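The structure appears right after this line, and notes come after that.
Remember, it's 1-based here, ligands and their atoms both numbered in the order they're listed. What you are looking at is a predicted structure, and each value in this text was computed from that prediction instead of being measured. Below, each value reflects all heavy atoms present in this structure, side chains not excepted, and no hydrogens, waters or symmetry copies.
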Amino acid sequence: MAKHMFANLLLLWSLGFYTTGKMDDGPKEQSWRNKNLDSIPPDLDVRLRSLDLSNNFIRRLHKVNLPYLEQLDFSSNQLELISEGALRDLAVLEKLNLSMNALNTNLDRNSKGLQSIGGLKTLDISWNNLGNEAVKLYLRNKSSLEQLKMSGNSLTWLTHDLFKESENLRSITIDANLISAIDKGTFEALGKLEKLNLAKNNLAHICDFKLKRVQYLNLSRNSIEFFVTAENNHMYSLEILDLSHNKLLYFPILPKRNQLKFLYLQHNIVGALTSEASMVSETNVLYNEVVRMNDVRIGKNNLHSTWRLMPLLHIDLSHNHFTSFPMETLSLLSTLEGLDFSFNCVQKLTWNVRQESASKYDRQLYFPSLRYLNMQSNGLVTISPRFLKALTQVETINLRDNAVQPCAPVAQMPSSLSSQQLNLSSSCIAFGKLKTLKHLSLENNDIKILPANAFRESSLVSLNLARNSHMVMRVDSWEDIKETLQSLTISELNVTNSELFLPCMPLLMHLNISNNRLNALPPNLNCSPLRELSIRNNAFMSLNYSLILALSAHLHVMYFSGNDLTCCDSNWLSALNNSGIKMPDIALTKCVTDDSSIPIEEYLKGSSLYCSRHIKGIHLGQTFIVILFVTVFITVFMMFARKTCCLKKSFLV
Ligand SMILES: *[C@@H]1O[C@H](CO)[C@@H](O)[C@H](O)[C@H]1NC(C)=O
Ligand SMILES: *[C@@H]1O[C@H](CO)[C@@H](O)[C@H](O)[C@H]1NC(C)=O
Ligand SMILES: *[C@@H]1O[C@H](CO)[C@@H](O)[C@H](O)[C@H]1NC(C)=O
Ligand SMILES: *[C@@H]1O[C@H](CO)[C@@H](O)[C@H](O)[C@H]1NC(C)=O
Ligand SMILES: *[C@@H]1O[C@H](CO)[C@@H](O)[C@H](O)[C@H]1NC(C)=O
Ligand SMILES: *[C@@H]1O[C@H](CO)[C@@H](O)[C@H](O)[C@H]1NC(C)=O
């Protein structure tokens, strides 16, 4: 009986019915998704508000009579014909998804079918192989439309009358088409347009950006060489601009007054010119060419005058061709909090700042809001002390894959050198002066020595020193940060226990000492409330049981594969296991017994089978029991025999 009911339930489920709201109101939503349908199911409940017919094989859409229907998902079918009156009775339809169909045929009939629904707010006609003509027809009578998606079609040229009958659009997505030209006036007439996505097209130039209402503009993955806005005093709403993956040679010239918070310029060729000064002047020449038709007003720096006013929070300049750091241009961005400058070619971060004409001293600029700086993979060797001084708020610096050396504090240097001389002569970097610095990665810099007090005045919370395989650490290397450090990575240093001394670090929660040649845990770890520990790929045979027991109070995760662990010396493992600590790589871990190497999980399942000492113990016990049993048996037997003897005797008497 129960089985029968269950089967019925399953059947209902597989037909895709599910209901929301009160039962007596009837179903409001129905899903026929992925049901191999080749036509719309008959007898649909007229009260439906939402109908999902996606992922079927329906080719034709004939009259549907669902007067309450608000949402219709017809995506991923083979729809090629919408008959003329098909949608006429869908009086309250707001959201229609026709993506991934074949609507590039029967344009006349389909457009008549689509025209009859004037109340649509959201329309998706992506991936239909539609050209310009088709789109123009399909957008007729769409004055309520707010959201339009046309990804993955074959639009090549956007004409000024394309959105003539859909003038209330707020969001347009036309990515992954073949657009190479946009007529003047195509988007300007759309007074409510806030979001425009033109990524993955063939656009080459933005000659005069005029969309004042647009907050989000995505032009990623085109072939854009320059982006220019003719100077005006209008307030633009632009907040997010993505120009990544293009062919920009210069910084974009943006509206002077805007709301820009996020600017994505990664994967271009900005900075290919040698110096910042020539880049700035070239940009201004370009501006004059594009905007003023060479009517040059000499001396005006359009790039800087517009950049100065931008309220930018984050700029991504990674994967460009900078060989020098655009110090002045970036320092104009006084609200900038995050700068990604990774994967460029700035080997020397020098202080190339133009002097004020009157003064003979270099100007000191500042990056007053910068908190996050990523300089990974630049081949960086030196950083000007003035640049460090400019970073008054920096919290995170990523210098992974460069060639920088940390400095010892000046006091410890030979006294014959003055600090001024040192700043000029040494190419090491005095991180110790960055008082606000909290997170630093120096991974893979070929650091030679980690001097004592290298981080004197900072209060580092996390430090990554991985992959500096020739780095010498001193007993007092950690002195200044031992009280603040919460996360430390010292993997791939190729160190043994005698080369690694860790002091008591009362806040340390993450420690990665993987890929070294260690065979014992640093004893001072019992000071630390460690939550995560990796000792992978070392030379551990066993771990200190009492230390692990102490650590297990805080530990959440531990990685230990790639060691020569001894199976039969693994109390520590039971301690870990019993405290429910996660061991994500336990399946990769083996341990050795007298004669073989076995997966440690297998060992845990039946430890008594593998460890001979253990087996001997059992053997001894068994022998003892057998001997005891035999002794008792013989004793009893003898007593019995004697009794019988006696009885016999007495009998005989
Ligand atoms: C339309 O359906 C496709 C495929 O199911 C989906 O990816 C897309 O987000 C839908 N469009 C809208 C506007 O919801
Ligand atoms: C435009 O849509 C409205 C309903 O929103 C409809 O009454 C009208 O007939 C449509 N116009 C055409 C030309 O189909
Ligand atoms: C812009 O579009 C690209 C390509 O679709 C996408 O990867 C990127 O995340 C978008 N950018 C933003 C800022 O949304
Ligand atoms: C690690 O140190 C040993 C002994 O000094 C040396 O033989 C080996 O080449 C080093 N390995 C690496 C990757 O530096
Ligand atoms: C430890 O460091 C290694 C090598 O640097 C890295 O691959 C691994 O992901 C790190 N492990 C953890 C748990 O952070
Ligand atoms: C194990 O660790 C404890 C606590 O850190 C330490 O006192 C003890 O000496 C260690 N034992 C061995 C054998 O290293």
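Ligand 1 has a nitrogen or oxygen under 3.5 angstrom from a nitrogen or oxygen of Asn97. Residue Ser76 has no nitrogen or oxygen atom sitting less than 3.5 Å from a nitrogen or oxygen atom of ligand 1, judged on distance alone.
Counted by atom type alone, Arg213 and Ser237 present zero donor-acceptor pairs between their side chains at under 3.5 Å. There is a side-chain donor-acceptor pair under 3.5 Å between Ser99 and Asn97. Neither side chain, Asn168 nor Ser143, offers a donor N or O lying under 3.5 Å from an acceptor on the other.
Once rounded to the nearest 0.5 Å, the distance linking CG of Asn544 with CG of Leu547 reads 5.0 Å.
Under the side-chain contact (heavy atoms from CB on, under 4.5 Å) rule, Leu96 has a single partner from Leu90, Ile117, Thr122, Ile125, which is Ile117. The only member of Cys527, Ser528, Pro529 that meets side-chain contact (heavy atoms from CB on, under 4.5 Å) when paired with Met505 is Ser528.
Taking the six-membered ring where tryptophan is involved, the planes of Trp572 and Phe560 are perpendicular, since the angle between them exceeds 60° and thus also 30°.
Counting heavy atoms under 4.0 Å from ligand 6, residue Ser546 touches it through the side chain alone. Contacts with ligand 1 closer than 4.0 Å are made by side-chain heavy atoms of Lys95 only, the backbone lying farther away.
Between Lys136 and Thr159 the shortest side-chain heavy-atom distance falls below 4.5 Å. Between Asn110 and Leu137, every side-chain heavy-atom pair lies at or beyond the 4.5 Å cut-off.
Taking a cut-off of under 4.0 Å to the non-hydrogen atoms of Pro523, the atoms of ligand 6 that pass are 5 (O). The atoms of ligand 1 that sit less than 4.0 Å from any heavy atom of Met100 are 4 (C). Close contacts between ligand 6 and Asn526 involve ligand atoms 4 (C), 5 (O) [criterion: under 4.0 Å to a heavy atom]. Atoms of ligand 6 lying under 4.0 Å from any heavy atom of Leu547, numbered from 1 in the order shown and given with element: 2 (O), 5 (O).
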What are the polar N/O contacts of ligand 2 with the protein below 3.5 Å, with distances?
{"unit_1": "ligand 2", "atom_1": "2 (O)", "unit_2": "Gly118", "atom_2": "N", "d": "3.4"}
{"unit_1": "ligand 2", "atom_1": "2 (O)", "unit_2": "Asn141", "atom_2": "ND2", "d": "2.4"}
{"unit_1": "ligand 2", "atom_1": "5 (O)", "unit_2": "Gly118", "atom_2": "N", "d": "3.1"}
{"unit_1": "ligand 2", "atom_1": "11 (N)", "unit_2": "Asn141", "atom_2": "ND2", "d": "2.7"}

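With respect to Arg170 and Glu194, a salt bridge is recorded, a charged nitrogen being found less than 4.0 Å from a carboxylate O.
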